[in-house]
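Below you'll find the structure, written out as structure tokens, and then a few comments.
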Amino acid sequence: MSGTTHLTGVVERAANGPVLRTDGGGSWELDNTRQVRRFIGSRVEVVGERSGFNGFACNQIWPAGQPRPTAFKLRLEFLLAAAFAAYGLYATVGGVVSALG
């Protein structure tokens with residue numbers, strides 16, 4: 001399944017890792033990351049994607065009732081493009097300097 005889902009509930013500790021108990025009575029197994037573990041016992045809002053039957057891959061998690069934090073993701077594609085552009089500029093300037101000198 002794909003598509004972004006927004007859930008609200010309480011993060012609890014379970015045998016297989018953190019679980020989100022939603023207001024509607026659902027239960028979702030969350031990623032066992034430091035970001036999720038720090039919210040155990042707290043009421044949160046989560047944005048992410050379903051994975052499998054009851055798995056949920058968190059893209060973002062924050063305390064319920066607070067504004068959604070802005071997500072900062074370093075895009076690898078942009079970083080690689082910038083590196084190639086910088087290398088091209090460096091090679092061009094180096095070639096011109098060696099041709100003149």
Side-chain angles (χ1 to χ4, degrees):
M1 301 214 126
S2 62
T4 302
T5 305
H6 184 158
L7 300 172
T8 303
V10 176
V11 179
E12 298 177 354
R13 190 180 312 267
N16 294 332
V19 172
L20 179 70
R21 305 269 183 220
T22 61
D23 299 338
S27 176
W28 297 91
E29 293 180 4
L30 300 175
D31 301 336
N32 194 7
T33 62
R34 184 179 347 171
Q35 176 187 9
V36 172
R37 286 192 305 263
R38 72 184 185 124
F39 286 108
I40 289 179
S42 302
R43 184 167 170 71
V44 297
E45 294 183 52
V46 180
V47 172
E49 296 180 8
R50 290 182 63 173
S51 62
F53 177 70
N54 68 335
F56 195 81
C58 296
N59 293 338
Q60 216 174 1
I61 184 169
W62 68 96
Q66 294 187 5
R68 182 177 178 178
T70 56
F72 174 76
K73 289 188 176 180
L74 184 59
R75 303 276 312 258
L76 183 59
E77 300 87 19
F78 293 134
L79 186 61
L80 286 173
F84 282 124
Y87 179 74
L89 181 62
Y90 173 76
T92 302
V93 169
V96 168
V97 167
S98 67
L100 295 176

(request) Kindly compute the distance separating OG1 (T92) from OH (Y87), expressed to the nearest 0.5 Å. (result) 10.0 Å
(request) Any chance you could pull the hydrophobic cluster mates of V11, using side-chain heavy atoms under 4.5 angstrom and chaining through other members? (result) L7, L20, W28, L30, V36, F39, I40, V44, V46, F56, I61
(request) Could you pull out all residues at least two apart from R37 that satisfy salt bridge (Lys or Arg N to Asp or Glu O under 4.0 Å)? (result) none
(request) Scan Q60, E45, R68 and name whichever one has a side-chain hydrogen bond (donor to acceptor under 3.5 Å, both in side chains) with H6. (result) E45
(request) For S51 and A57, work out which heavy atoms get closest and say how close. (result) OG-N, 4.2 Å
(request) List the atom of D31, the atom of P18, and the distance in Å for their closest heavy-atom pair. (result) O-CG, 3.9 Å
Which donor-acceptor pairs under 3.5 Å do side chains of residues 94-101 form with protein atoms, sequence neighbours excluded?
unit_1: S98; atom_1: OG; unit_2: G94; atom_2: O; d: 3.2
unit_1: S98; atom_1: OG; unit_2: G95; atom_2: O; d: 3.0

